[in-house]
Amino acid sequence: MAELVADFVLHRLTEWGVHRIYGYPGDGINGFLGALDRADDDPEFIQSRHEEMAAFMACGHAKFTGEVGVCMATSGPGAIHLLNGLYDAKLDHVPVVALVGQQKRTSLGAAYQQEVDLQVLFKDVSEFVQVCMEPAQARHLVDRAVRIALDRKGVSTLIFPNDVQEEKAVESPPRVHGSVYSSVGYVRPRVLPQEGQLDHAAEILNAGEKVAILIGQGAAGAADEVVETAERLGAGVAKALLGRASLPDDLPFVTGPIGLLGSKPSFEMMENCDTLLMVGTGFPYAEFLPKEGQARCVEINLDGRLIGARYPADVMLVGDAKETLRELIPRLERKEDRSWRNTIESDVEEWWRVLEDRAMIDADPMNPQRVMYELSKRLPADAIVTADSGSSTNWWARQLKFGKDNLTSLSGTLATMGPATPYAVAAKFCFPDRPVIAIVGDGSFQMNGMNELITVKRYRDRWQRNPTLIFCIFNNQDLNQVTWEQRVLAGDPKFPGTQWIPDFPYHQYAELAGFKGIYCDDGDQMGAAWEEALAADRPVVLNCKVDPEVPPLPPHITTMQAKKMARAMIKGDPERVGVMEKSLLGKLQEFKESLPGRK
Ligand SMILES: Cc1ncc(C[n+]2csc(CCOP(=O)(O)OP(=O)(O)O)c2C)c(N)n1
Ligand SMILES: [Mg+2]
């Protein structure tokens, strides 16, 4: 029997299968802190350095396990700090429950210290937000919060005034008018479209001669079905960034990423297809999809709110990707003409060669593509890789070849800086026996990643069986992705006042924390650096000194963008000599390869 409301809430969460809470303390959650002490590590409390990191960890936990992630913060400032991490979960559609403290009920409305209107603050980010004003509410609030987070794939926020946490628990309310009796449990239903819709979809797909498939995170767990569909339709498969782990990269018809960070075969496939099958994706950029009217489209999405919102769909199949494809496959005829598929496969083969060539181009001091290229050759089959938001995300997207057992994620929709480190920490908690690698820009690492290494220092002893936890820092002393966006999208030169960031000896910082620090500024040594990092008996910071002048440009650059970049150079970009000279030497190969008119 739980004594107090806080004990009851924690116990109820364990009944929901929650055994870990990421958070940061404060007196607004004093009741919970006492209850966590009494809970004897079930659930256990993981102390981050910052509430935003705790929210990212909860989001990463949910992404990698499929379970609900839970984070906790105190009232006022702690609650406010959670927000960015919670928006990451909301926008990427992952279930997270936030437990936050609030001032005592008696002080609410008194403009009291740390009093913030939390219900309003969390309203937009949450699918469900409630204040527990009375002990008998706690049971159904927990049950509904977790169930709604799982069902809606979003955020639920429960706000607990300080004094309520310490009230006597009510496990079963008195059977009077107004009492509520809720239950634990949620099983995702089997969601399938109507038969007629499946027939119609099959008709369209069978009629197509050049079928392109685009998958996202909604296709996770449906790899076999996607492969079988692509086989029958003679199609290639492009992957939105969140769907990178949904299908391995070593299949010959997988064209890889799409969009600004995408591949040329994905771009070509979308430019030339006559039929598009979208599975579980909210990929946003229309310019990388077929032109309106070019392709007939069948779309599968589990969420009816999100379907039909990206490309005009002829048939919209609201359903689970795996189950829906299973129903669809027997209706699909194998296309005898394999010429479209053969073209895709040879484009893909060629693309991997191009990527290798690009990785091998010399740079000053090191080509960032080489860092990912060398990892790709050595990537453990069960590794979990997290990516951040920055230029390195391009190289993670293009150069890393994931196998069927790898897991990987990033902040796909919010595209916030900062999640790679906390996602990696959460991944290591969830899968202590798997190697975990975070791909982080120096800006992001300075923003919050470095502090989170202190969290790693605290918990690293738990991971002795498999100590591999590597933070790979792309040290370019630049907020490089934005520098390039300024050049290419705005036509403005690099402004060091906003873009330049100080150098820092990240590898030495790692040693201070008791980790291994490795510094590498030579592409030819990068393979050895990865081998050393992967063999280390402790967490590693790999400080990779890379060239900020290697352009992370989209696979297709428009005339307007090319003109703007030229303008930025003429306007006096401090790195124009390097950028232009290297472009002539072939460093802007990507840019040149895809200039309009070139194939
Ligand atoms: C919280 C947040 N602030 C700002 C941005 C805008 N932004 C996107 S990428 C980027 C640069 C990141 O720099 P760094 O981590 O050094 O990576 P690089 O691009 O240099 O590889 C910035 C500032 C963002 N996405 N999120
Ligand atoms: Mg940088």
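Atoms within each ligand, like the ligands themselves, are counted from 1 in listed order.
Of all protein heavy atoms, the one lying nearest to atom 13 (O) of ligand 1 is Leu479 CD2, 3.4 Å. When only non-hydrogen protein atoms are considered, atom 9 (S) of ligand 1 lies nearest to Ser389 O, 3.6 Å. Residue, atom and distance of the protein heavy atom nearest to atom 7 (N) of ligand 1 are Val482 CG2, 3.5 Å. Ranking the protein heavy atoms by distance from atom 20 (O) of ligand 1 puts Asp478 O, 2.7 Å first.
Lys545 pairs with exactly one of Asp503, Asp364, Asp478 by the salt bridge (charged side-chain N to carboxylate O under 4.0 Å, His left out) rule, that one being Asp503.
Side-chain rings of Phe445 and Tyr506 approach one another, their centers coming within less than 6.0 Å. Ring-centre distance between His61 and Phe429: not below the 6.0 Å cut-off.
For ligand 1, none of its N or O atoms has an N or O atom of Asn84 under 3.5 Å away. Where the criterion is an N or O separation shorter than 3.5 Å, residue side chain and backbone included, Gly443 meets it with respect to ligand 1. Ligand 1 has a nitrogen or oxygen under 3.5 angstrom from a nitrogen or oxygen of Asn480.
Every atom of ligand 1 with a heavy atom of Ser391 under 4.0 Å away is listed here by number and element: 18 (P), 19 (O), 21 (O). Within ligand 1, counting atoms from 1 as listed, the ones closer than 4.0 Å to a heavy atom of Ser392 are 21 (O). Heavy-atom contacts of Gly441 reach the following atoms of ligand 1: 14 (P), 15 (O), 16 (O), 17 (O) (cutoff under 4.0 Å). Atoms of ligand 1 found under 4.0 Å from any heavy atom of Ser444 (numbered from 1 in listed order, with element): 15 (O). Close approach to Thr416 involves these atoms of ligand 1, each under 4.0 Å from a residue heavy atom: 1 (C), 26 (N). Atoms of ligand 1 lying under 4.0 Å from at least one heavy atom of Asn476, given by number and element, are 18 (P), 20 (O), 21 (O).
The minimum heavy-atom distance between Pro419 and Asp88, with the atom names listed, is CB-OD2, 4.4 Å.
Counting heavy atoms from C-beta on, the side chains of Arg398 and Trp351 come closer than 4.5 Å. By the 4.5 Å heavy-atom criterion applied to side chains, Leu158 and Val100 are not counted as neighbours.
Within Asp442, OD1 is the N, O or S atom that lies nearest to the Mg ion (ligand 2).
In this structure, SG in Cys472 is found 8.5 Å from CD1 in Ile437, a value given to the nearest 0.5 Å.
With a 4.0 Å cut-off on non-hydrogen atoms, Ala415 touches ligand 1 through its backbone and not its side chain. When non-hydrogen atoms are compared, ligand 1 lies under 4.0 Å from the backbone of Asp442 as well as from its side chain.
In this structure, Arg538 forms no cation-pi arrangement with Trp463, as its terminal cationic atom is not both closer than 6.0 Å to the ring centre and no more than 45° off the ring axis. Taking the centre and axis of the six-membered ring of Phe431, the NZ or CZ atom of Arg434 falls inside the cone set by 45° and 6.0 Å.
Ion pair Lys153/Glu127 not flagged as a salt bridge, since none of the NZ, NE, NH1 or NH2 atoms sits closer than 4.0 Å to an Asp/Glu carboxylate oxygen.
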Step by step, work out the salt bridge (Lys or Arg N to Asp or Glu O under 4.0 Å) result for Asp347 and Lys264. CA-CA 8 Å; Asp347 283 355; Lys264 204 163 170 205; over 6 Å; no

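When Met417, Gln499, Gln481, Met447 are ranked by how near their heavy atoms come to atom 24 (C) of ligand 1, first place goes to Met417.
Rounded to the nearest 10 degrees, the angle OD1 (Asn476) to the Mg ion (ligand 2) to O (Asp478) equals 90°.
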